[in-house]
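Please read the structure below before turning to the comments.
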Amino acid sequence: MYEGKSKILQPCADDNTLIMHYKDYATSLNGKCREEIHGKGKINAAISNLIFRYLEKNNVETHLIEAIDETSAAVKKAEIIMVEVIVRNLAAGSFCKKYGVPEGQRLKNTVLEFCVKSDQLDDPPINISQITAIGLATQSELAELMQQALIINGLLCELFTRAGLQLVDFKLEFGKIGGKIILCDEISPDSCRLWDIKTGDKMDKDRFRLNLGGLLDSYKDVLRRLENVV
Ligand code: UDP
């Protein structure tokens, strides 16, 4: 069994399958701030399952097999690539801090960034030559990750726009099954920045990070809107 900040992965009878369980916790600063939010797990499970099914329909292969109950899903067991891919459409979060760019500035091109998937190291940023040098992924795997990330960004922007939400940025994780790269982990307001297109309201984990309150109501609203457009 593997327990992360917001999910638990458990083995099951079938050796090629894992059970992914969404917990009722919000965390920030890589787990240093943590709060139990009853009902969050099931909303995130529903949002992520809906998005993964939408991506599958659009020919993006993901690890999702099927929802098991309100907070758990069966997923394909993959060898996780220890690199997180961050995709940005508008400037926000660490990008603004690092480069002194105002929040909300539209970026002239989609930005792709990589971080090491390591709580112990606080997910440090890493570049392509560093990734290949220490063997986290090969050049051709990275090319595939970048291509997939841009395709997923296009599909998600289209979906969220229909739901009246601006997809500001998000994080993806990938894994390999028999050499094939597939999308893993989750896509939810925990891993995306989503702003209401009309009001600019933050509808994602920034409500927790910035102490704005109302996280669960915002996540429920994101789910309701997605269900209406998918
Ligand atoms: N993100 C994430 N997990 C991480 C780091 C980032 O899901 O460990 C997401 C985050 O929610 C945001 C995007 O990736 O949607 C970009 O995050 P950023 O680099 O701005 O860092 P943050 O401001 O979240 O520290």
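Whatever order the structure lists them in is the order used to number ligands and atoms, beginning at 1. Any value given below was found using the heavy atoms of this structure, including those in side chains, with hydrogens, waters and symmetry copies removed.
Tested against K5 for a salt bridge (charged side-chain N to carboxylate O under 4.0 Å, His left out), the candidates D24, D185, D119 yield a single pass: D119.
Criterion: ILVMFWY side-chain heavy atoms under 4.5 Å apart, direct or through other members. Under it, L90 and V101 are not part of a common hydrophobic cluster.
Each of E84, I86, R88, A92, G93, S94, D123, D169, F170, K171, D190, S191, C192, R193, R209 has a non-hydrogen atom positioned under 4.0 Å from some atom of ligand 1.
Contact check on D169 versus R193 returns a salt bridge, with a Lys/Arg side-chain nitrogen under 4.0 Å from an Asp/Glu carboxylate oxygen.
Screening residues 144-155 for side-chain hydrogen bond (donor to acceptor under 3.5 Å, both in side chains), with sequence neighbours left out, gives N89-N153.
Within the 3.5 Å criterion, the main-chain N or O of K202 finds a donor-acceptor partner in the side chain of R207.
Residues S129 and N127 have side chains that bring a donor and an acceptor to within less than 3.5 angstrom of each other.
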